[in-house]
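What's counted below: heavy atoms across the whole structure, side chains too, no hydrogens, waters or symmetry copies. Residue numbers start from 1 in every chain, and the chains themselves are labelled A, B, ... in the order their sequence lines are given, proteins ahead of strands.
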Amino acid sequence: MRVYNTMTKQKEEFKPLREDEVRMYICGPTVYDYTHLGHARTYIAFDVIRRYLEHKGYSVLMVMNFTDIDDKIIRRANETGEDPKELAEKFLKYFLEDMKALKVKSADIYPRVTEHIQDIIEFVEKLEEKGYAYGSSDGVYFEVRKYEKYGKLSKVNLEDLRKGARVEPGEGKKNPEDFALWKKAKPGEPKWESPWGEGRPGWHIECSTMSTKYLGESFDIHGGGNDLIFPHHENEIAQTEACTGKEWVKYWLHTGFVMVSGEKMSKSLGNFVTIRELLQRYSPEVIRFFVLQKHYRSPLDYTEEGIQHAKNNLERLYNTIENIRIAMEKAEIPFKWEKEEFKLYETIRDAKKKLYEAMDDDFNTAEAMKPIFEVANAVNAYLTRVEKPKESVLRKALEFFRIISEIFGIFEEYFKETKETKEEELIDLLIEVRSALRKQKNFELADKIRAQLRELGIQLEDTPQGTIWKRINV
RNA sequence: GCCGGGAUAGCCUAGAGGCGAGGCGGCGGACUGCAGAUCCGCUUUACGGGGGUUCAAAUCCCCCUCCCGGCUCCA
């Protein structure tokens with residue numbers, strides 16, 4: 001398996017530090033607003049990466065932090081007149097709801113800044129002891145020039161940084177590139193006791209502290225959106241490696257942005273679509289499928305048309321799975337295989353190989369789409385061509401889609417244990433009644449039954465072999 | 001200015017030296033009371049422009065055009 005490492009700017013063989021275990025830390029959101037598609041893209045991408053690693057047999061320990069106190073939260077709270085703590089609490093809850101709706105598996109640990117203040121203080125103290133931090137009138141800063149490897153992730157160099165002069169020269173900073181480890185509280189701001197007076201942690205220190213607390217001084221994957229590379233992750237590296245003297249993270253993974261008419265979707269630009277809004281119009285699986293049709297590192301254009309494409313694609317796959325399920329009921333015991341069975345079997349076998357090759361190559365979900373459709377085409381063609389399908393090949397096709405379901409987090413409905421047998425019996429009964437009506441050419445009433453069932457999410461389809469029904473999930 | 005990422009058939013998305021890429025949409029046909037699903041065929045000499053290397057270039061090298069991102073809060 002190969003993964004692209006932002007640190008080395010190339011794909012590398014993936015070998016976790018401990019055999020069979022992957023420890024990953026994903027930068028979570030600052031909870032001051034609704035989750036939008038940009039966030040969802042990142043978290044769905046890492047969800048699939050995590051699912052795939054688990055599918056490959058790794059034990060995955062996944063940590064995602066919440067920034068539940070910071071300047072933006074305070075500012076937003078001031079604007080709305082809410083208490084910063086309550087504001088953060090509210091959006092944190094919404095975030096978790098959104099992730100659940102999108103079928104993103106939960107992290108194992110969700111550490112919050114406000115619950116790790118003591119750990120952060122201890123971390124800053126260590127940096128002070130080692131001479132990387134200095135106190136000033138408005139807080140404690142990290143002295144960037146003392147860490148000679150600064151810039152190794154984002155490839156910025158200090159000279160350019162200073163020349164650019166876009167780094168804010170804060171009040172108490174010695175150098176413009178230094179960044180805050182601890183900020184002293186201004187009147188009315190949330191605050192915690194510390195050796196440097198009452199205040200709050202700087203933004204970057206939380207990830208260093210909480211990741212090393214839960215995953216150790218070195219771990220495998222650190223991920224987040226592309227926009228975190230500089231300065232966030234660069235600063236995290238400086239702090240952590242200055243403190244421990246060890247290589248902190250083995251693989252740095254970053255997701256591409258979601259774009260809206262040529263611009264990055266972001267809270268500050270205000271051009272974002274919230275997940276809540278999107279879920280009103282599209283199912284979670286359509287959103288996942290839309291995101292996964294593009295490689296996680298590439299920019300993803302958000303357009304209505306694009307999501308509609310994803311919906312059409314997904315519908316086709318749903319239909320295929322339903323077709324298999326229905327065919328299974330009349331499938332034959334495979335006393336012998338003909339050419340058609342071998343052909344389908346081989347297509348599935350090759351598709352499985354292609355699927356793993358695509359995913360092994362830096363989690364290329366876009367490439368992985370191809371074998372999925374190859375199987376869909378092949379199995380549909382098989383079902384139209386063959387009068388008596390063989391149970392065993394259909395099972396292989398179904399198993400293929402079950403693997404996709406597990407890795408991509410889609411087709412959930414089809415692979416659940418269903419307990420709605422009563423409902424199914426009732427549908428069968430209605431189909432029977434409708435068939436009788438159709439024989440009597442009472443199409444008006446027959447169509448009414450079909451239309452009303454459709455409203456309930458049950459689609460009837462008349463085929464030469466009789467009427468079949470499907471659930472509509474989109 | 002500095003550092004990155006791009007331009008692939010009507011549209012969306014992969015690929016990265018040699019086997020007509022996958023999907024969507026559109027059109028035609030099969031099936032059908034209608035609808036839906038599915039199948040078959042077509043849309044198909046695809047790779048921003050110009051040079052070069054090579055038996056062979058979307059792919060490697062050089063130049064150019066255009067788009068986007070980061071360098072400041074961001075997933």
Side-chain angles (χ1 to χ4, degrees), chain A residues 6 9 26-30 32-33 35-46 64 67 70-72 75 151 154-157 159-161 163-168 203 223-232 234 254-259 262-269 272 290 292-295 297-301 303 305-313 315-320 322-323 326 354 358 361 364-374 376-377 379-385 438 441-444 446-447 450-451 454 459-464 467-468 470 472:
Chain A
T6 309
K9 290 189 186 171
I26 308 303
C27 277
T30 301
Y32 74 102
D33 207 340
T35 317
H36 63 64
L37 185 60
H39 302 110
R41 198 270 168 104
T42 293
Y43 300 122
I44 290 170
F46 284 110
M64 184 193 288
T67 304
D70 106 313
D71 295 1
K72 287 197 298 295
R75 200 195 327 130
S154 59
K155 322 297 184 229
V156 299
N157 72 69
E159 289 314 307
D160 289 345
L161 256 189
K163 256 188 266 167
R166 298 178 96 167
V167 228
E168 293 276 317
W203 176 35
N226 228 320
D227 43 5
L228 297 182
I229 296 174
F230 187 89
H232 188 50
E234 197 66 70
H254 291 96
T255 53
F257 298 131
V258 173
M259 310 294 291
E263 275 187 314
K264 173 186 165 190
M265 178 181 288
S266 75
K267 290 181 197 172
S268 36
L269 285 172
F272 58 92
F290 171 65
L292 296 174
Q293 274 183 308
K294 189 116 190 196
H295 182 85
R297 277 190 286 119
S298 310
L300 170 67
D301 282 310
T303 58
E305 205 192 354
I307 299 203
Q308 198 57 47
H309 276 189
K311 185 176 166 179
N312 293 344
N313 277 312
E315 262 169 7
R316 183 166 156 77
L317 297 177
Y318 286 156
N319 281 325
T320 303
E322 283 286 11
N323 291 343
I326 290 155
K354 286 182 203 167
D361 183 16
N364 194 338
T365 53
E367 177 68 15
M369 292 293 169
K370 292 184 192 178
I372 299 175
F373 284 97
E374 279 168 15
N377 288 337
V379 73
N380 281 324
Y382 173 75
L383 290 175
T384 41
R385 221 170 294 155
R438 289 176 70 220
K441 308 264 182 205
N442 187 345
F443 295 122
E444 201 183 323
D447 287 352
R450 184 173 62 188
R454 194 167 205 289
Q459 176 151 298
L460 301 192
E461 291 172 13
D462 301 319
T463 76
T467 302
I468 56 169
K470 298 173 177 176
I472 321 168

Rounded to the Å, how far apart are A:N312 CG and B:C11 P? 17 Å

Integer-rounded Å distance: B:U72 C1' and A:N226 CG: 16 Å

Can you give me the closest heavy-atom contact between A:R41 and A:R297, atom names plus distance? NH2-N, 4.4 Å

Can you name the ring-ring contact (aromatic ring centres under 6.0 Å, His included) partners of A:H309, sequence neighbours left out? none

Length of the line joining A:I372:CD1 and B:C24:P, which is rounded to integer Å: 13 Å

Rounded to whole Å, how long is the line connecting atom CG of A:D301 with atom P of B:A7? 12 Å

Protein-nucleotides 33-35 of chain B N/O pairs under 3.5 Å:
| from | atom 1 | to | atom 2 | distance (Å) |
| --- | --- | --- | --- | --- |
| B:G33 | N7 | A:R438 | NH2 | 3.3 |
| B:G33 | O6 | A:R438 | NE | 2.9 |
| B:G33 | N1 | A:D447 | OD1 | 3.2 |
| B:G33 | N2 | A:D447 | OD2 | 2.9 |
| B:C34 | O2 | A:R450 | NH2 | 2.6 |
| B:C34 | N3 | A:R450 | NH1 | 3.0 |
| B:C34 | N4 | A:D462 | OD2 | 2.9 |
| B:A35 | N6 | A:D462 | O | 3.1 |
| B:A35 | N1 | A:D462 | N | 3.1 |
| B:A35 | N3 | A:R450 | NH1 | 3.0 |

From C-beta outward on A:K470, which listed nucleotide comes closest to its side chain: B:A37, B:A75, B:C39? B:A37

Partner nucleotide of B:U65 by Watson-Crick or wobble geometry (both distances under 3.5 Å): B:A7

Taken to the nearest whole Å, CG/A:D361 to C1'/B:A16 is 11 Å

Starting from the C-alpha separation in whole Å, work towards a yes-or-no answer on side-chain contact (heavy atoms from CB on, under 4.5 Å) for A:M265 and A:H36. CA-CA 9 Å; A:M265 178 181 288; A:H36 63 64; 3.7 Å; yes

According to the interplanar angle, ranging from 0 to 90°, do the rings of A:Y43 and A:H39 count as parallel (below 30°), tilted (30 to 60°) or perpendicular (above 60°)? parallel

If I take atom CD1 in residue A:I472 and atom C1' in nucleotide B:G36, what distance separates them, rounded to the nearest angstrom? 10 Å

Integer-rounded Å distance: B:C39 P and A:N319 CG: 10 Å

Watson-Crick or G-U counterpart of B:G18, or none if no pair lies under 3.5 Å: B:C55

Taking the C1' atom of each, how far is B:A57 from B:G15, in whole Å? 14 Å

Closest non-hydrogen contact found for A:L228 with A:C27 is CD1-CB, 3.5 Å

At 4.0 Å (heavy atoms only), tell me whether A:H254 reaches a base, stays on the sugar-phosphate, or touches nothing. nothing

side-chain N/O A:K264 vs B:G69 OP1/OP2, d < 4.0 Å: no

Starting from C1' on B:G69, measure out to CD on A:E263 and report it in whole angstrom. 11 Å

